[in-house]
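Report on one structure; see the data block that follows.
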Amino acid sequence: APPQFEPVVDSTADVDTSDGLVIDGERVADAALFDAAVEEGRLSLYSGYVENSEKEVIKVFEEDTGITVDLVRLVPNRLSERVLSEQGAGRLGADVVRTSDFDIASRMRDAGVFQSHRVSAYDDLDDSVRYFDGEFYRVFNPLYTFAYNTALVEPAEAPTSWHDLTDPRWSGRLGITQVGAGGSSLTLNRFQEEELGPDFLPALAEQDPRIFDSSSAALESLARGEIPVATAVVSSVNIAASKNAPVNFVIPDEGMAAYDYFVGMTDSAVNTAAAELFLEWNLSKRGQDVFRQIGEFPARGDVEPPEILAQQLPTADSGKIVRIDPEVLIAAAEGDQRRWNGLFGYLG
Amino acid sequence: MRTLVRRLRQGAPTGVLLVVLGIFVVLPMLFIALAAFSDDVPRPGSIGLDSLSLDNFAIVGSAEALGALGNSVLIAALASVFAMAIGCGLAFLAARADVPGRRFLYFVGIAPMFLPSLVGALAWSLLGSPATGFLNLMFQSVGLDVTLNIYSMPGLIMVLALYYAPYAFLLVHGALSLMNPDLEEAAFVHGGTRRRTLSWVTFPLALPAILGSGVLIFALTMENFPVAQVIGNPGQVETLPSFIYRLMNASPSRGTEAAAVAITLTAVLLIVTALQQRAVMRRKFTTGTGKGVKTKLVSLGRWRWPLFIAALVYFLLAVVLPIGALLISALQSSPYVSSLGQLTEPGALSFYMIGQLILSPDFLQSAGNSAVTAVLAALLGTAVSFVVAYTVYRTNSAGRRVLEFVAMAPLAVPAIVLGLGLLWTWLVIPLPVYGTVFVLVIAFMAVFLPQGYRGVTSSILQVDRDLEDSAVLLGARRAKAVSWVTLPLMRVGMVSTVLLLLMLCMRELSAALFLFTSDTRLLSILIFDNYDNGAMQGAASVSLLYCVIILIIALLAKSFGAKTVDGAR
Amino acid sequence: MKVQLENITLAYGGAVAVDDLDITVEDGESVVLLGKSGCGKTSTMRCVAGLETPTRGRITIGDTVVFDAERGVEVPPNRRNVGMVFQSYAVWPHRTIFQNVAFPLRQQKLPKDEIRQRVTETLEIVGLAEFADRGASLLSGGQMQRVALARSLVMRPSVLLLDEPLSNLDARLRDRLRLELREIQQRLNLTCVYVTHDQSEALALADRIALMQGGRIVQIDRPERIYENPCSASIADFLGVSNVFPCVPRGTADGGELFGLTGHDVEVLAQNVPGDLDSPQACIRPEDVRLSGEPLRDGNDWLGRVEVVAYQGASVRYRVALKGGPELDAVVGKGSAPLLTVGAEVWASAAPSAVQVLPSEVRT
Amino acid sequence: MKVQLENITLAYGGAVAVDDLDITVEDGESVVLLGKSGCGKTSTMRCVAGLETPTRGRITIGDTVVFDAERGVEVPPNRRNVGMVFQSYAVWPHRTIFQNVAFPLRQQKLPKDEIRQRVTETLEIVGLAEFADRGASLLSGGQMQRVALARSLVMRPSVLLLDEPLSNLDARLRDRLRLELREIQQRLNLTCVYVTHDQSEALALADRIALMQGGRIVQIDRPERIYENPCSASIADFLGVSNVFPCVPRGTADGGELFGLTGHDVEVLAQNVPGDLDSPQACIRPEDVRLSGEPLRDGNDWLGRVEVVAYQGASVRYRVALKGGPELDAVVGKGSAPLLTVGAEVWASAAPSAVQVLPSEVRT
Ligand SMILES: Nc1ncnc2c1ncn2[C@@H]1O[C@H](COP(=O)(O)OP(=O)(O)OP(=O)(O)O)[C@@H](O)[C@H]1O
Ligand SMILES: Nc1ncnc2c1ncn2[C@@H]1O[C@H](COP(=O)(O)OP(=O)(O)OP(=O)(O)O)[C@@H](O)[C@H]1O
Ligand SMILES: [Mg+2]
Ligand SMILES: [Mg+2]
């Protein structure tokens, strides 16, 4: 018998393609663009986004438009290496690139990877969403918080704030991800430094946490109950829980860190119409809703924050969703890393 | 002048080979080297010598790097010793001893290869994690007060030893099955005890294979990333590969420094290789002579059963338990298990996911890609290895030592770094292979050239030259002589090499990471992505299916070369 | 030490290589095994050494039963104290000559000095002292063979098995080593079993010669006796009696018995003919045939024509086509007669005492 | 086809195995290479076959220069049409005998029927017809050697190199194969180079014998001539002249020249002494020594005592200690004299014409 898995994304929608692409009443593309895109039929996406989540996104997109997406998925660092190399050789195979990390996106931009495309909602978008005249857009933000194993920790006993983690109760029972693991870790680190005060990290280090190289490894351990509490990303926890992992996340009192995901159309795009349509769709309410269901925080301010695992996430203006300004992040990165490594006695 | 012409002519085959290997192997490594000496990553489009510096090497001297290096050397050394002991012992049993179930032991020897070290490591973390490991749960349920902690230096060494023993097994098995028993019998008759005979004749004669696989295992365990990541990392055991990985993964990426560390590693490993090469070149190890190869089984006497049982224990540790753990985790509906009893509850296990997976186009496509790539790369790789080994050990052409060095060089570069070099190379080379399966085939050939080369040399060294020369004298062209005499005699070794490469290619991830496209995704990428997403269950399921596929291919391959070299009857 | 093989049978797969063989080699005795290629000599030795497991029979060395198929006794080779020089040399290619030769002594855990001394001594005997530190694979065929010999000699086993140990050496060296071997064997009172195809070697080394045919011993005796009284024509033939002719008895005549050569008009007079023969064969050694211008009239005289002249160093070998008879081989000492040329007419003579009439095969 | 080696030098690593060697083998000629173990015979053959690359010199087969160090010519072995029987047999263990022997014919792309027929024929010659389908590693040593021989014979190369092809065969078989070989060689007008340590083999097979010492040819000549006129005492010694004594000239005497044996009181009378010798050696063949009760008075008569008696089949070998002189070997035909016993007093005699005084080594 199939185990009872909740589908993460509910893709039912009212799609009308009689005149352009209209979904649930929202006009995602006009007829000219949509027809051209359908004509092209497929597009190539290089993505640094979590594999399973990206696949959910693609699935819905394909259902809505009938356009096939060819996915090449790599973790953001390697993605950037590959994109930059292919770009350098003039053989970039992607129509659209999605990556986390402003630093990576802007280095790609410097290498001439992107071409600007103004989505139809361009003017309504926040400046923290659209960049460089539409060369790339921030589409959503994964939320970095901590989670616990529900089989080991009663919800009532679960820590509710970041500072709870420094309670002796959790000494030796925490899992965290090392600071060098990518933009997400840096963001969380900056968040902790800025929002929790300079004493937080030293206190956390005192707890002798188990340090993982990637957040997925930490989540894996958490699900298997090797550690009861670990830092984790909301969408990952959501997906794990949907597969019956006994995990849940916490919305800490002090809020959580939100890091960025960007998407842009490449300069060498072959399937331009399909690529444009993909951008439009990503930034449409429909697209944003999909991300929301996965557990990401949508970039468009006019989309409700998600309700995940029966917890309603706070809104952007609640102050609990802390997005660090890319410039700040980049500027602080080196010092942060050094401090973190020093505190946790970590090589690297 | 004339001698010069002759020199050139003699050197010609080597020259061609050097060019081929140059493109396959040297060019990617040159890119890495360039990166190591540059301020900026020298990607296509921005390759140049203008930003040369030695700054990157500062990191090599850092306390962190040295600490990681120390750990790595210690771990690699110990793991190699254990892996060699297991591998050589098994090879001896399977090739030359009268143990019960010899054919089964051959399977035992190669079976752990079906598990990529990543999967093996995951499986062992399922089995031996102190909190929820199945073994610990089992100990608990029978009231034993022991806690196995796989997340430790010994645990890391054990897992590495378990999963690298097959390398030694395959190489040494090939060499041992060619051995002329007269040589052993002579020792036996002259008063040597059984054990003495083994240590004086049998194993020293397999020395090229043993040393070869030793160097190989040392290098590979030294740069093994998945095990270090899965087992070492939770235990806070710092190693060089995780160090390099962190450099590559840092944001912003510190690729040039990673390259510098890799280059240093290369230098260290080249020295090891050179020492090994000297040992092998100095002596002759020919045993399969024209006076007959009558492979005979060594009688073990009362050690038959104890040794067989020892082999079974290895099988249990390396294959049965891990597969069991994977199976449970692939089938269980919740990743969390607090006691073994929980698994027997209705609905706790289900084949649904695996069924889904088998039918998913993703899986089918990647399985197909993996199989095609692996088979092609294994066959071509073995062929290239043979040509190189033949040139090095059977001709006098100038530059054959260089050739050997080049062939062994990829060993010294962590695959993840080499993958980058390969990416740059094949982007720059104006051949329409980038983005196709062929680029993967080429990449795998390059990455596994050392393994293939070692596998072939360990056998080629055992076949008496006179055997081949006589065919040439009797009117055959050299190629014919090789295919009629040398290759058939080396069959066991060659089949072993093909198998080895096949399995390595099936599992290889790092080298493919930068080169695959949506059409050419491989199973290994599927596994890694699953793991990377924290989808342990998916990883376990794919791994299991992957093991089945590999098993099928391996059995097919084995059946092509099933007969051992005991003469036509 | 006495070596005794009783009813030994050895089969490789289906093919029987040693067939119900019995032989006893006395303590300190040297027995040469002679026999056609493939008759089972090596196989027999391998049984004694313990390298093959016979299907039947018993092997005793000294007072110890080292193998008994019935009682399931099988002492491993290294505990039999048997040395063996392999026909294929089996020199360890990855060791130096010194290491090769020192091996058996190391096994006996002798002190280093003694090992060095004894190895050097032995290497001197075989003429390889200067090569001691050379890798054993960098040697010529004969040199390897000598290493194999030295390795077994140095061991001083109680039984020494030598499988054509000198076949690839030149005559002088072979001569010398043969004497050395004999000397060592007698001095140490070694029990030796020796395979050689060289007749003079067999004669020089053997206390007794054992003739093997098809996996069994067909005759075993002192060299001169076996040489002079072979049991059968095929043994005689094997021992170099090239003149073997089937014949039929024609009754007794003056000075012996008369036989007619089958298919020819020629008759031959023989002495000491055993009665009751199956298919009798007349055997005449080439050395016993004398060639001269006129008949010698001491028994057999045949007229013939020289067909082939072969120079053999100290002697000359002729093939003479007898008038109305077969071709006859004759070996004549170089000094004892003038050289004949092809086509010359000669009288070939043989004393009746030199003609043996034998059954073609031994009955078993 | 004529084979010509000029100034061939071959070194393994540092060690010189063949040293500035010159030899010409005429078309259809059969030359036997004789020499001590390790003197470079195999190496020389390997150079001809093209298996080793000499450092210097030139090799011509027929009209083709197949190797020339100076001009950088090197024809690969398979294009030289040279057959070789390896000292190590080099039988392919993973093939049947038939496959082993058929290989060269397959290479020549002959029709199947002809291959089968020729292979069967050749296997019959070497006596292995019944084993045709046996795996080649399941053979006795002698059988393997015969496979190696058959494989080269069936090929009918223009030059055939045979490296002790019969060393592991019994005397009869060896005799037979030797004759077959000679017959085939003459019938096909094969050019042959043959290594053997068996003197009678050398004599039976050779048109000329080439004597090799330390990597060079020191004498090459017709068998009887080389046998009767060795260039040096060491060659004589090698050819079985066991009586070699250093001596000093004592002037001319009646019937020859007189020499005193160094270190002894005994003098020896010799004829045909070349002038101007370095360290002259008196050489007397054992067969030329006669033993009798009284002095023969035809040149040299020495009184002595029999020390060793060795039975050699057709002859007896004595070692006689001369009074005031060295030990002298004598070989006496079995029939020609009564047997002497150890301790007997005898006169040993040798005709001055049978005494050769030679330099100890050839000057090169
Ligand atoms: N592969 C080798 N490496 C180094 N030295 C060698 C090698 N093969 C032979 N030799 C040396 O070269 C010399 C000549 O060897 P070769 O094999 O030609 O002798 P040979 O005359 O055939 O002797 P034999 O009658 O014993 O076979 C010997 O002293 C031998 O030790
Ligand atoms: N490993 C084997 N497997 C099968 N048959 C074998 C094997 N070894 C030898 N024989 C066969 O057994 C018989 C006896 O072989 P053995 O080696 O004892 O002969 P041999 O008397 O030593 O001959 P040679 O003088 O040629 O060395 C031969 O007919 C041979 O073909
Ligand atoms: Mg034999
Ligand atoms: Mg030789």
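The sequence lines fix the lettering, A, B, ..., with proteins before strands; numbering per chain opens at 1. Quick note: numbers below take in every heavy atom, side chains included, and nothing from hydrogens, waters or symmetry partners. Fair warning: this is a prediction, and the values are worked out from it, not measured in the lab.
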Heavy-atom proximity to chain C below 4.5 Å, by part of [X]:
{"X": "E164(D)", "answer": "side chain"}
{"X": "F238(D)", "answer": "both"}
{"X": "S242(D)", "answer": "both"}
{"X": "D163(D)", "answer": "neither"}

Notebook entry, point to check: Do you see a donor-acceptor pair shorter than 3.5 Å between the side chains of E361(C) and S232(C)?
Noted result: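 No donor-acceptor contact under 3.5 Å links the two side chains.
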Check: Is it true that R178(D) and E201(D) make a salt bridge, defined as a side-chain N closer than 4.0 Å to a carboxylate O?
Finding: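 So R178(D) pairs with E201(D) through a salt bridge.
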Notebook entry, point to check: Does the N243(D) side chain pair with the main chain of I284(D), one donor and one acceptor, at a distance under 3.5 Å?
Noted result: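 Answer holds: yes.
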Checklist line | Among R187(C), E183(C), R182(C), side chain to side chain donor-acceptor pair (under 3.5 Å) partner for Q185(C) | finding: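 Per the side chain to side chain donor-acceptor pair (under 3.5 Å) rule, the option paired with Q185(C) is R182(C), out of R187(C), E183(C), R182(C).
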Item checked: Greatest number of heavy atom pairs closer than 4.5 Å to chain C - which of G40(D), A17(D), G38(D) ->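 Maximum pair count with chain C is reached by G38(D).
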Checklist line | Pairing residues for E124(D) by the salt bridge (charged side-chain N to carboxylate O under 4.0 Å, His left out) criterion, not counting sequence neighbours | finding: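 For E124(D), no residue satisfies salt bridge (charged side-chain N to carboxylate O under 4.0 Å, His left out) once neighbours in sequence are set aside.
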Checklist line | Residue A202(C) versus chain D: region with a heavy atom under 4.5 Å | finding: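 The answer is neither part of A202(C).
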Checklist line | chain D contact via S167(C) - which portion, at a heavy-atom distance below 4.5 Å | finding: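 For S167(C), backbone and side chain are both near chain D.
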Next item on the list: Give the member of R174(C), R285(C), Q145(C) that has the highest number of heavy-atom pairs under 4.5 Å with chain D.
Entry: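 Answer, by heavy-atom pair count under 4.5 Å with chain D: R174(C).
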Checklist line | Test side-chain contact (heavy atoms from CB on, under 4.5 Å) applied to L173(C) - qualifying residues, sequence neighbours left out | finding: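 L173(C): side-chain contact (heavy atoms from CB on, under 4.5 Å) contacts with R146(C), L169(C), D170(C), R176(C), L177(C), S37(D).
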